[in-house]
Amino acid sequence: MSGNFFCEGVEKASQRSLFNALGFTKEEMERPLVGIVSSYNEIVPGHMNIDKLVEAVKLGVAMGGGTPVVFPAIAVCDGIAMGHTGMKYSLVTRDLIADSTECMALAHHFDALVMIPNCDKNVPGLLMAAARINVPTIFVSGGPMLAGHVKGKKTSLSSMFEAVGAYTAGKISAEDVEEYENKTCPTCGSCSGMYTANSMNCLTEVLGMGLKGNGTIPAVYSERLKLAKTAGMQVMELYRKNIRPRDIMTEKAFYNALTADMALGCSTNSMLHLPAIANECGISIDLDMANEISAKTPNLCHLAPAGHTYMEDLNEAGGVYAVLNELNKKGLISTDCMTCTGKTVGENIRGCLNRDPEIIRPIDDPYSETGGIAVLKGNLAPDRCVVKRSAVAPEMLVHRGPARVFDSEEEAIKVIYEGGIRAGDVVVIRYEGPAGGPGMREMLSPTSAIQGAGLGSTVALITDGRFSGATRGAAIGHVSPEAVNGGTIAYVKDGDMISINIPDCSITLEVSDEELEERRKTMPIKRKENITGYLRRYAQQVSSADKGAIINK
């Protein structure tokens, strides 16, 4: 095995002197240098266990013949950031993570990388970095949290937020809320439903960048430590075979990811992240592709918040590979894609059986014949918007109602908590897009308040912001163009009728073109003042949501 970039030649002696300062032996310098990107911190529950995984990966790398070197990546807890200014700083970290990891990896000339992410923007940010750097790379996530147990039933973070909404609506007591508070999140790990973190960790597995179980083995299981050691050893195999991220993350791999997304019922945030990751690979994903794939892909899983099953249940049922095997029965995935195992998708999933047809529906008995996500289009969203169809009550798949318009999340949540929203309303929250927010905040608080108030089957919510993977109901996000860029959503007025038809993928503001043109002349665009620092730069550079909210080059 060849040594690392710095191990030979007088011209590299100065760099070797600095490795000596680090305490490296000659033998360590003669081995390939493997960067381990650790997302460990003490504020995100999904990351508090990553230090243990780092040690396991280091051991695996050393066993495989490499020299492991750890450096950090940041991560935000979306749950802690939810409902206040902090949420403006969640999506924006995806690009900070990609940029800083690229800088560290290329500045220090690592021969291979092991990425250890877990939560929402941390995973796609590191996948974006992996594509840019393009040295042999493998992912091993921190793993999902176990479900909580409240009043004899499994529960998760979405139930906690909805409990707050139920309390404000007078439906449960403060003691009930406290029970949820103490029992909803019982372990470390990414929150236990098919929220954004778990969606992206599962899709990492589908893309071929993570080993079997990457998305589903619970954080507290010793099996995850074994997975981490195996990943450390396997990255050395990728190094020896020179298998790189762009060899794995091909156009067909992204089609597989979109297909699995529909079957699993993933977070709508995947419709931001998959295009952004693909963009780094030189591949274009149009949101219309999502509807094309959804039209032929059955929805096989109803994990929380869509149903009452959790990541631990998906793991026991056979995990992501079992879902892929079901999809392969109808030829819906490309099985010849290379993966980080050094084998193809087809080789990986062979013999991976569905062990629980209640958790993973058989391909011939799906929850629905179409996928879990729908992309809608119409005069309210000419460049499209996104909804998690699998988490919408059947009676809300088609809805028509009067608009209740708010220019921020705070305005909306105040009125919802005060009981000011009525059955049939369409809540519109604008100026929360990538540039207008800035930062495209998640709207779990208002959607949970609507659910908690018992309005989930009668009220829709539309925003140019986005939704947590924990959101359920007729919650339609990513409206593009966004309000601050002159999108139609900026010109909606209270009382305007809005028609939503999710099966037909349409969304319509029932206002004439002439009236809209007049409103464009008389209704000024509202821009937030005193935006400073990184948010200011982000707002100036970020693309619209339909393009993945990427930073324009």
Side-chain angles (χ1 to χ4, degrees), residues 41-48 74-94 118-125 144-145 148 155-169 177 180-182 184-185 188-200 267-270 272-273 304-305 388 391 406 408-417 427 429-434 436-453 456 461 463-473 475-478 535 545 549:
N41 63 49
E42 294 183 340
I43 188 63
V44 184
H47 293 235
M48 62 180 285
I74 64 169
V76 164
C77 177
D78 277 23
I80 295 174
M82 196 73 66
H84 60 94
T85 301
M87 183 46 74
K88 294 178 184 289
Y89 289 90
S90 173
L91 180 60
V92 305
T93 64
R94 187 184 71 182
N118 210 25
C119 289
D120 296 23
K121 315 310 167 295
N122 182 240
V123 183
M145 184 183 292
T155 190
S156 60
L157 186 65
S158 54
S159 301
M160 179 70 253
F161 274 83
E162 289 177 18
V164 174
Y167 172 76
T168 61
V177 174
Y180 274 98
E181 181 181 336
N182 290 326
T184 292
C185 299
C188 62
S190 48
C191 296
S192 55
M194 187 55 82
Y195 308 151
T196 305
N198 293 325
S199 294
M200 293 311 303
S267 164
T268 51
N269 283 310
S270 63
L272 288 174
H273 300 322
K388 188 169 181 175
F406 305 94
S408 71
E409 178 185 7
E410 287 83 358
E411 291 178 22
I413 195 70
K414 181 175 184 293
V415 172
I416 296 168
Y417 280 158
V427 176
I429 305 178
R430 61 193 177 194
Y431 295 106
E432 291 285 8
M440 202 180 184
R441 287 194 287 181
E442 289 185 345
M443 302 289 171
L444 181 56
S445 293
T447 56
S448 296
I450 287 169
Q451 291 290 336
L461 194 155
T463 182
D464 54 5
R466 60 194 178 90
F467 295 109
S468 165
T471 289
R472 63 188 177 106
I476 299 166
H478 307 196
L535 287 182

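Computation of the quantities below employed the complete heavy-atom set of this structure, encompassing side-chain atoms and omitting hydrogens, waters and symmetry-equivalent molecules. Counting begins at 1 with the first residue of the sequence. No experiment lies behind these values; they were computed from the predicted model shown.
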Decide yes or no for Ser192 and Pro144: does some side-chain heavy atom of the first lie under 4.5 Å from some side-chain heavy atom of the second? no
Going by the rule side-chain contact (heavy atoms from CB on, under 4.5 Å), which residues pair with Tyr417 if we only count those two or more places apart in sequence or in a different chain? Val164, Thr168, Ile413, Ala449
Do side-chain atoms of Lys88 reach the backbone of Gly437 as a donor and acceptor pair under 3.5 angstrom? yes
Closest approach of Ser448 to Phe161 (non-hydrogen atoms, all atoms of both residues): OG-CB, 3.2 Å
Interatomic spacing from OG in Ser90 to CE in Met440 - rounded to 0.5 Å: 11.5 Å
Begin from the C-alpha positions of His478 and Asn269 and carry the test side-chain contact (heavy atoms from CB on, under 4.5 Å) through to its verdict. CA-CA 9 Å; His478 307 196; Asn269 283 310; 4.3 Å; yes
Using 0.5 Å steps for rounding, measure from the OG atom of Ser445 to the CD1 atom of Ile450. 11.0 Å
Shortest non-hydrogen contact between Glu432 and Ser408, atoms and distance: OE2-CA, 3.6 Å
Please tell me if the side chains of Met87 and Arg466 come closer than 4.5 Å, counting only heavy atoms from C-beta onward. yes
Rounded to the nearest 0.5 Å, how far does CG of Asn41 lie from CD1 of Ile74? 9.5 Å
All heavy atoms of Met82 vs all of Ser468, minimum pair found to be CE-CB, 4.0 Å
Is there side-chain contact between Ser267 and Met194, with at least one heavy-atom pair below 4.5 Å? no
Shortest non-hydrogen contact from Phe467 to Thr268? O-OG1, 4.1 Å
Enumerate the residue pairs fulfilling salt bridge (charged side-chain N to carboxylate O under 4.0 Å, His left out) with a member in residues 156-167, sequence neighbours excluded, ordered by first and then second residue. Glu162-Arg472
Atom of Ser190, atom of Asn118 and distance for their closest heavy-atom approach: N-ND2, 3.4 Å
Does any non-hydrogen side-chain atom of Leu461 lie less than 4.5 Å from one of Pro446? yes
Is it the case that the side chain of Asn122 and the backbone of Val76 share a donor-acceptor pair, with hydrogens and angles ignored and the cut-off at 3.5 Å? no
Between Arg441 and Glu410, is there a salt bridge with N-O shorter than 4.0 Å? yes
Does Met160 reach the side chain of Val177, with side-chain heavy atoms less than 4.5 Å apart? yes
Got a salt bridge between Arg94 and Asp120, using NZ or NE/NH1/NH2 to carboxylate O under 4.0 Å? no
Atom pair CG/CG of Asp78 and Leu444 - distance to nearest 0.5 Å: 9.5 Å
Could you tell me if the side chain of Leu157 sits less than 4.5 Å from the side chain of Cys185, heavy atoms only? yes
Roughly how far, to the nearest 0.5 Å, is the CD1 atom of Ile429 from the OG1 atom of Thr447? 8.5 Å
How far does OH of Tyr195 sit from OG1 of Thr471, to the nearest 0.5 angstrom? 9.5 Å
Do Lys388 and Pro305 have side-chain heavy atoms sitting under 4.5 Å apart? yes
Any chance you could lay out the side-chain contact (heavy atoms from CB on, under 4.5 Å) test for His273 and Thr196, step after step, and finish with the verdict? CA-CA 10 Å; His273 300 322; Thr196 305; 4.1 Å; yes
Which heavy atom of Ser156 sits nearest a heavy atom of Ala304, and at what distance? OG-CB, 3.9 Å
